[in-house]
Protein chains: 2
Amino acid sequence: MKGVAMAGTRGVKGVAMAGTPGVKATRELSDRGAETRTLILDTALEAFAEAGFRGTSVREIAARCGLTHPALLYHFPTKADLLMAVLSRRDQADGGDGFGDLGAHAMLEHLVATARLNATQRGVVELYATLSAEATGRDHPAHEYFRRRYASLVADLTRGFAELAAGGQLAARTDPSVAARQLVALMDGLQVQWLLDPEVDMAGLLEAYLDTQLA
Amino acid sequence: MKGVAMAGTRGVKGVAMAGTPGVKATRELSDRGAETRTLILDTALEAFAEAGFRGTSVREIAARCGLTHPALLYHFPTKADLLMAVLSRRDQADGGDGFGDLGAHAMLEHLVATARLNATQRGVVELYATLSAEATGRDHPAHEYFRRRYASLVADLTRGFAELAAGGQLAARTDPSVAARQLVALMDGLQVQWLLDPEVDMAGLLEAYLDTQLA
DNA sequence: GTCTATAGAGTGATAGAC
DNA sequence: GTCTATCACTCTATAGAC
């Protein structure tokens with residue numbers, strides 16, 4: 001699924017080599033090089049989360065892995081490639097393509113559960129909060145990624161709220177696409193507030209919003 | 001006032017030299033040096049907005065002003081000093097200390113009006129969206145600034161919603177402090193969505209939220 | 001108040017040895 | 001697959017002339 005700062009299962013190994021040069025598509029499992037790649041991706045996630053994409057150097061990430069920076073660039077030819085690999089790896093860990101065919105209730109429950117989980121994973125929240133703002137610039141390497149991400153998230157949620165409306169479960173004054181955008185905005189904004197003050201209850205404030213919108 | 005990406009009057013000159021070394025507190029108006037300072041602050045706002053604090057160099061800002069970077073650093077001794085000067089200048093332009101003693105209705109109207117105005121000032125929105133995310137890191141020069149900013153914004157809005165509740169103008173299920181945090185989050189999140197897609201109607205989505213919370 | 005020059009460190013990326 | 005060495009920049013900041 002595709003929550004805005006969606007958390008997912010950590011430590012999924014051996015599935016994150018798509019599209020990388022120098023690695024054969026068909027090869028044995030328990031490849032030693034794949035472990036290095038996984039280490040790099042985990043480390044890069046933390047580093048980008050702490051200082052953003054522009055604020056983090058390839059050397060810094062490599063050093064935390066116990067590597068030199070040319071060794072890292074052997075696996076990911078450019079820094080932008082590394083960023084995109086980190087993002088797609090999270091997408092895969094989060095279950096692939098969006099909410100898929102989840103029902104409306106399951107969708108909203110998943111969202112609240114994710115907010116609760118995120119409150120235990122500061123790094124992931126920092127990554128998406130920092131990057132989504134950074135990537136509003138049209139020249140940022142992750143710009144198109146975030147455009148697509150938000151468009152599909154809003155589309156899925158609009159479908160969900162419309163389903164609720166059809167079943168008479170949405171407040172009469174609530175428009176599905178309006179609620180979808182508001183919900184996404186709320187998740188993003190609450191993350192910034194939580195990062196500045198961990199007392200902020202992201203999941204609770206999200207649930208309170210949903211209570212006011214449901215019939 | 002202190003909206004999250006609050007816009008204010010541009011081009012206010014000769015009022016932004018507070019706390020800068022090398023400039024006497026009491027001096028004649030129409031100081032020539034003050035014009036350079038103002039030019040630098042306007043230019044720095046634009047530049048920080050486009051690429052964030054970390055993504056912008058002092059040289060880049062100086063060049064856009066037709067200056068060399070040592071000339072700029074004569075006016076603002078460090079890059080962090082320049083950032084803080086940009087932020088305090090905007091706060092002054094926006095009217096000083098928060099919502100002050102504005103009534104609840106005036107407060108909310110001001111907020112919606114600001115959202116509408118912001119849709120014509122992409123640079124200002126980019127500045128606050130990028131910086132507020134960047135500044136969640138505890139070592140960022142603007143970290144304390146944003147902590148204070150959000151705390152006072154939430155406090156003011158909580159007071160406003162409480163005032164409405166006392167007058168029976170708030171929906172029964174709405175808690176003032178919950179609504180305050182949600183409203184701030186909504187403003188922040190909508191800005192990111194608007195930066196990624198200018199079709200997004202920030203003011204309209206904000207008004208729609210307020211309609212669901214008022215009695 | 002602005003300049004040139006430079007220090008001193010950091011940047012992404014590449015070449016080539018092993 | 002990882003290394004050392006290096007290229008060609010860029011960065012913030014300072015020294016000192018004018």
Side-chain angles (χ1 to χ4, degrees), chain A residues 13-14 16-17 20-24 27-28 30-44 47-48 50-86 134 139-142, chain B residues 13-14 16-17 20-24 27-28 30-44 47-48 50-86 134 139-142:
Chain A
K13 303 206 176 190
M17 72 297 288
T20 304
V23 177
K24 286 193 298 185
R27 53 168 179 59
E28 293 77 24
S30 80
D31 191 309
R32 292 302 139 205
E35 283 181 17
T36 304
R37 288 180 56 84
T38 305
L39 172 63
I40 291 171
L41 289 171
D42 282 339
T43 310
F48 286 147
E50 285 167 27
F53 175 71
R54 292 183 162 115
T56 308
S57 72
V58 174
R59 284 179 149 87
E60 163 75 17
I61 299 166
R64 290 202 209 177
C65 296
L67 291 172
T68 58
H69 79 277
L72 190 156
L73 291 173
Y74 165 81
H75 296 280
F76 303 94
T78 73
K79 191 189 178 186
D81 289 338
L82 175 58
L83 172 62
M84 294 317 293
V86 167
E134 226 179 35
D139 56 335
H140 194 282
Chain B
K13 304 204 175 194
M17 71 296 288
T20 304
V23 177
K24 285 192 299 182
R27 52 169 180 59
E28 292 75 25
S30 79
D31 191 307
R32 292 301 138 206
E35 282 181 20
T36 303
R37 288 180 54 85
T38 305
L39 172 63
I40 291 172
L41 289 170
D42 282 339
T43 309
F48 286 147
E50 284 167 28
F53 175 69
R54 292 181 162 117
T56 307
S57 72
V58 174
R59 280 181 149 85
E60 164 74 16
I61 300 166
R64 292 202 207 177
C65 295
L67 291 172
T68 58
H69 76 275
L72 191 157
L73 290 172
Y74 165 80
H75 296 281
F76 304 93
T78 73
K79 192 188 179 186
D81 288 339
L82 174 58
L83 172 62
M84 295 317 294
V86 168
E134 227 179 34
D139 56 335
H140 195 282

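Atoms considered below: every heavy atom in the structure, side chains included; atoms not considered: hydrogens, waters and symmetry mates.
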List, with names and distances, any nitrogen or oxygen atoms from the protein found under 3.5 Å away from nitrogen or oxygen atoms belonging to nucleotides 2-9 of chain C.
{"residue": "C:dT2", "atom": "OP1", "partner": "B:Thr36", "partner atom": "OG1", "Å": "3.3"}
{"residue": "C:dT2", "atom": "OP2", "partner": "B:His75", "partner atom": "NE2", "Å": "2.6"}
{"residue": "C:dC3", "atom": "OP2", "partner": "B:Thr68", "partner atom": "N", "Å": "2.9"}
{"residue": "C:dC3", "atom": "OP2", "partner": "B:Thr68", "partner atom": "OG1", "Å": "2.8"}

*Spell out, as yes or no, whether a donor-acceptor pair under 3.5 Å connects the side chain of B:Thr43 to the backbone of B:Ile61.*
no

*Walk me through it: do A:Glu50 and B:Arg54 pass the test salt bridge (charged side-chain N to carboxylate O under 4.0 Å, His left out)?*
CA-CA 13 Å; A:Glu50 285 167 27; B:Arg54 292 181 162 117; over 6 Å; no

*Does the side chain of A:Leu82 reach to within under 4.5 Å of the side chain of A:Leu41, using non-hydrogen atoms?*
yes

_Working to the nearest 0.5 angstrom, can you tell me the gap between B:Glu134 CD and B:His140 NE2?_
4.0 Å

*D:dC11 phosphate, OP1 or OP2: any side-chain N/O from B:Ser57 under 4.0 angstrom?*
yes

_Output the rounded distance in Å from NZ (A:Lys79) to C1' (C:dT14)._
18 Å

*Starting at CD of A:Glu60 and ending at C1' of C:dG12, how long is that distance when rounded to a whole Å?*
15 Å

*Rounded to the nearest angstrom, tell me the gap between atom CZ in A:Arg54 and atom P in D:dC11.*
12 Å

*Please report, rounded to the nearest Å, how far the P atom of C:dG12 is from the CZ atom of A:Phe76.*
15 Å

*In whole Å, what is the span from the CZ atom of A:Phe53 to the C1' atom of C:dT11?*
12 Å

*Please name the pair of heavy atoms, one in A:Ile40 and one in A:Cys65, separated by the smallest distance, quoted to 0.1 Å.*
CA-SG, 3.8 Å

*Between A:Glu60 and A:Lys79, is there a salt bridge with N-O shorter than 4.0 Å?*
no

*Roughly how many Å is it from CG in A:Leu73 to P in D:dA5, rounded to a whole number?*
18 Å

